[in-house]
2 protein chains.
Amino acid sequence: MAGAMAAWHDGADTENAARESAQPGNLVTAFPDHAIEAELTAVLVAVTDGEPRVLTIDEGRLLPSGPFVSAHRTLQASLRAWVEQQTHHPLGYVEQLYTFADRDRSSEDASRRVVSISYLGLTRQARASGRHHPAWRVWYRYFPWEDWREGAPPMIAKLIVPRLRAWAATAGEAAVRRARQQRIRITFGLGDLPWNEEMVLQRYELLFEAGLVPEAIRRGGDLATALPGEAMLHDHRRILATGIARLRAKIKYRPVVFELMPESFTLLQLQRTVEALAGQILHKQNFRRLVEQQALVEETGEVTTETGGRPAKLFRFRERVLQERAIAGTTLPISRMV
Amino acid sequence: MAGAMAAWHDGADTENAARESAQPGNLVTAFPDHAIEAELTAVLVAVTDGEPRVLTIDEGRLLPSGPFVSAHRTLQASLRAWVEQQTHHPLGYVEQLYTFADRDRSSEDASRRVVSISYLGLTRQARASGRHHPAWRVWYRYFPWEDWREGAPPMIAKLIVPRLRAWAATAGEAAVRRARQQRIRITFGLGDLPWNEEMVLQRYELLFEAGLVPEAIRRGGDLATALPGEAMLHDHRRILATGIARLRAKIKYRPVVFELMPESFTLLQLQRTVEALAGQILHKQNFRRLVEQQALVEETGEVTTETGGRPAKLFRFRERVLQERAIAGTTLPISRMV
DNA sequence: TGCCTTATGCTAACTATGAGCATAAGGGAG
DNA sequence: CTCCCTTATGCTCATAGTTAGCATAAGGCA
């Protein structure tokens with residue numbers, strides 16, 4: 001996903017590389033001559049009450065972030081320290097997302113350059129306290145078009161596609177128009193194309209380019225055509241999109257969901273968690289089949305009647321398999337809609 | 001892959017998060033107070049004569065790198081400028097790899113902190129000139145155990161596994177010993193496990209931890225047990241491993257191989273290129289079927305007799321499909337050995 | 001002309017996946 | 001105490017996707 005973004009950014013670059021004034025020697029020598037600042041931004045995810053949540057501050061307008069503290073040996077150690085202090089829960093899984101250094105990122109002072117390194121973190125429980133109103137928000141508040149658990153969100157056909165089409169039509173050249181139409185079709189799965197839940201970032205960036213999100217007003221967007229869905233400050237919604245995309249891709253081949261689950265759980269609870277992240281409903285029997293046949297879990301021997309209906313067996317993860325899969329990576333049960 | 005590395009690094013962190021002195025406020029405010037330096041490092045890949053090559057400097061001991069030039073709007077623009085100037089060829093595909101800021105990275109001055117942002121770039125032709133002896137090196141010089149095109153490299157069974165086993169046995173706790181054995185089995189595909197060509201980084205990091213690569217001597221490795229395979233300075237071989245791993249994963253679901261191919265080519269040439277990257281031999285007929293059925297290429301109408309044997313049709317990539325696949329991502333033909 | 005080499009077409013066997021039928025087993029309404 | 005609703009769980013079937021080969025085509029060269 002990050003790769004896709006990279007390619008796009010690049011495509012959007014209008015600068016001509018030939019105009020650059022760097023000397024050939026720059027390639028082969030390494031003496032940094034510009035001091036910059038490094039900042040860490042975290043996409044912290046938890047799933048509670050069947051909803052995927054992300055830790056936010058400032059009334060949901062920002063992701064938690066802060067300077068890279070030199071006292072730490074690594075970036076990750078620095079991040080981990082913050083988070084565990086904040087949430088009082090261990091961070092189960094941490095993964096680097098992307099590093100930005102775009103000058104137009106916070107277009108204040110061009111000479112003051114900030115490199116922003118973002119991370120994705122998974123945690124088991126969602127509770128946080130502190131200044132600046134930290135709160136776990138359901139991430140579909142920011143991306144209402146990404147939640148397909150109750151079918152295709154009507155706003156896609158009613159608002160998004162028409163406005164994107166209108167935007168595509170504004171392009172002067174026919175080739176550009178066609179390319180835009182193509183991107184719309186692919187990212188939103190129009191016509192006979194399927195909805196691909198992993199393209200969170202591509203969709204957000206398309207909406208951004210089309211000026212349909214409030215964050216883009218500085219770049220020519222119009223508040224009147226902005227879509228429903230909460231905005232964030234700076235590029236934090238883009239970072240969140242990157243995190244969601246990465247997580248949606250990851251759950252398919254690495255057992256990271258487990259980081260979000262309690263000690264023991266029913267298979268349906270596990271399924272609901274995956275569905276919450278993927279924004280898609282899965283086929284129950286097939287989900288069970290895959291989970292069991294891959295021996296990811298084992299019965300605890302107990303059952304719970306709290307689910308209503310026939311009592312469900314409780315499961316826990318098999319430590320050994322987890323370790324193995326964490327290194328290797330196998331297919332995990334994410335499939336089509338019911 | 002990067003994610004895997006992230007998790008590992010973390011596992012290797014011996015610092016206790018509780019020892020940290022950061023204030024809670026750090027999580028929710030964003031005012032960087034430490035100036036650092038940013039450096040870009042590139043893994044530039046080309047395939048010539050059926051061999052995967054990487055651009056190096058300093059007699060193959062370093063990857064090209066240099067400071068992030070503030071004149072550029074984005075990190076990628078900065079990188080692109082360098083590279084195109086050096087190689088005089090357009091960089092087809094660029095993707096960010098990973099950002100390091102480990103303090104022990106170049107353990108000189110603890111107060112001088114460098115953030116190193118690495119990129120993977122693909123280019124069509126391999127020619128470079130400049131100072132510091134830039135040269136395209138076959139990447140298997142650095143990772144001889146990664147080339148399985150002529151079967152399993154004997155050094156794995158003869159040198160690597162015995163030494164890794166010996167290292168595993170040195171662990172005091174039984175649990176640690178078992179965990180090490182497990183990692184060895186999985187990363188090197190021992191027993192009934194298959195060789196997974198994507199685990200380049202995991203294998204290198206395992207060898208590093210075991211002190212079997214020259215780069216690890218500072219951390220307790222012994223030159224006498226170092227494996228064949230050229231080393232690099234700093235952590236450049238680790239960055240290269242990250243790049244190879246990423247590329248091996250990428251070619252399976254995005255048509256990036258095309259960035260490495262000439263205008264027109266035979267299907268076998270395409271296959272040989274994929275094989276060079278993957279370090280694995282593919283089944284010819286199946287490879288053809290997949291490439292053709294996915295309509296990735298189209299016949300140019302010409303044939304070449306230069307391949308020996310029956311003349312082969314020449315193909316070129318279908319522009320439209322490429323664009324679509326670049327956004328969407330579909331399965332590409334990488335399969336098992338012949 | 002026959003053999004070697006690479007190209008290319010086709011298929012049988014198997015595996016993975018998507019969908020759905022059918023039964024099991026609590027809880028609560030009547 | 002039944003019936004019915006709900007969720008749990010077992011199984012089967014059809015199909016798409018893969019893997020591994022067999023077989024034929026078509027140049028070059030001894």
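Computed from heavy atoms alone, side chains included, the values below leave out hydrogens, waters and symmetry copies. Chain letters run A, B, ... following the sequence lines, proteins first, then strands; residues in each count from 1.
When the P atom of C:dA7 is taken as reference, atom CZ of B:Phe265 falls 14 Å away, rounded to whole Å. B:Lys284 has its NZ atom 16 Å from the C1' atom of C:dC10, to the nearest Å. With rounding to whole Å, A:Asn286 atom CG is found 14 Å from C:dT15 atom C1'. Taking atom NZ of A:Lys252 as the reference point, atom C1' of C:dA16 lies 16 Å away to the nearest angstrom. Separating the CZ atom of B:Phe287 from the P atom of C:dG9 is a distance of 15 Å, rounded to the nearest angstrom. Straight-line distance from the CG atom of B:Leu270 to the C1' atom of C:dA7: 15 Å, rounded to whole Å. Per the geometry, NE2 belonging to A:His283 stands 13 Å off C1' belonging to D:dG10, to the nearest Å. Between the P atom of C:dG9 and the CG atom of B:Leu267 lies a distance of 9 Å, rounded to the nearest Å.
Taking the side chain of A:Pro311 as heavy atoms from C-beta on, and the options C:dT8, C:dG26, D:dG10, the nearest nucleotide is C:dG26. Out of D:dT9, D:dG21, D:dT12, the shortest distance to the side chain of A:Gln285 is found at D:dT9.
One can find a donor-acceptor pair under 3.5 Å joining the base of C:dG18 and the side-chain atoms of A:Arg289.
Summary of the strand contacts: B:Leu268 and A:Gln293 both lie near DNA chain C, and taking for each the nucleotide with the nearest heavy atom, the more 5' one is attributed to B:Leu268. Judged by closest nucleotide on DNA chain C, B:Thr266 is the one of A:Thr305 and B:Thr266 placed further toward the 5' end. Annotation: of the two residues near DNA chain D, A:Ala312 and B:Gly308, the 5′-most nearest-nucleotide partner is A:Ala312.
Of all heavy-atom pairs between B:Glu146 and B:Glu197, the closest is OE1-O, 4.3 Å. Nearest approach of B:Lys313 to B:Val303, heavy atoms of both residues: CA-CG1, 3.9 Å.
Counting heavy atoms from C-beta outward, B:Pro153 and B:Trp148 have side chains that approach closer than 4.5 Å.
Here the two rings, on B:Phe265 and B:Phe317, have centers that are under 6.0 Å apart.
The side chain of A:Arg288 places an N or O atom within less than 4.0 Å of a non-bridging phosphate oxygen (OP1 or OP2) of D:dT9.
A distance-only check finds no donor-acceptor pair linking the side chain of B:Arg316 to the backbone of B:Glu298 [under 3.5 Å].
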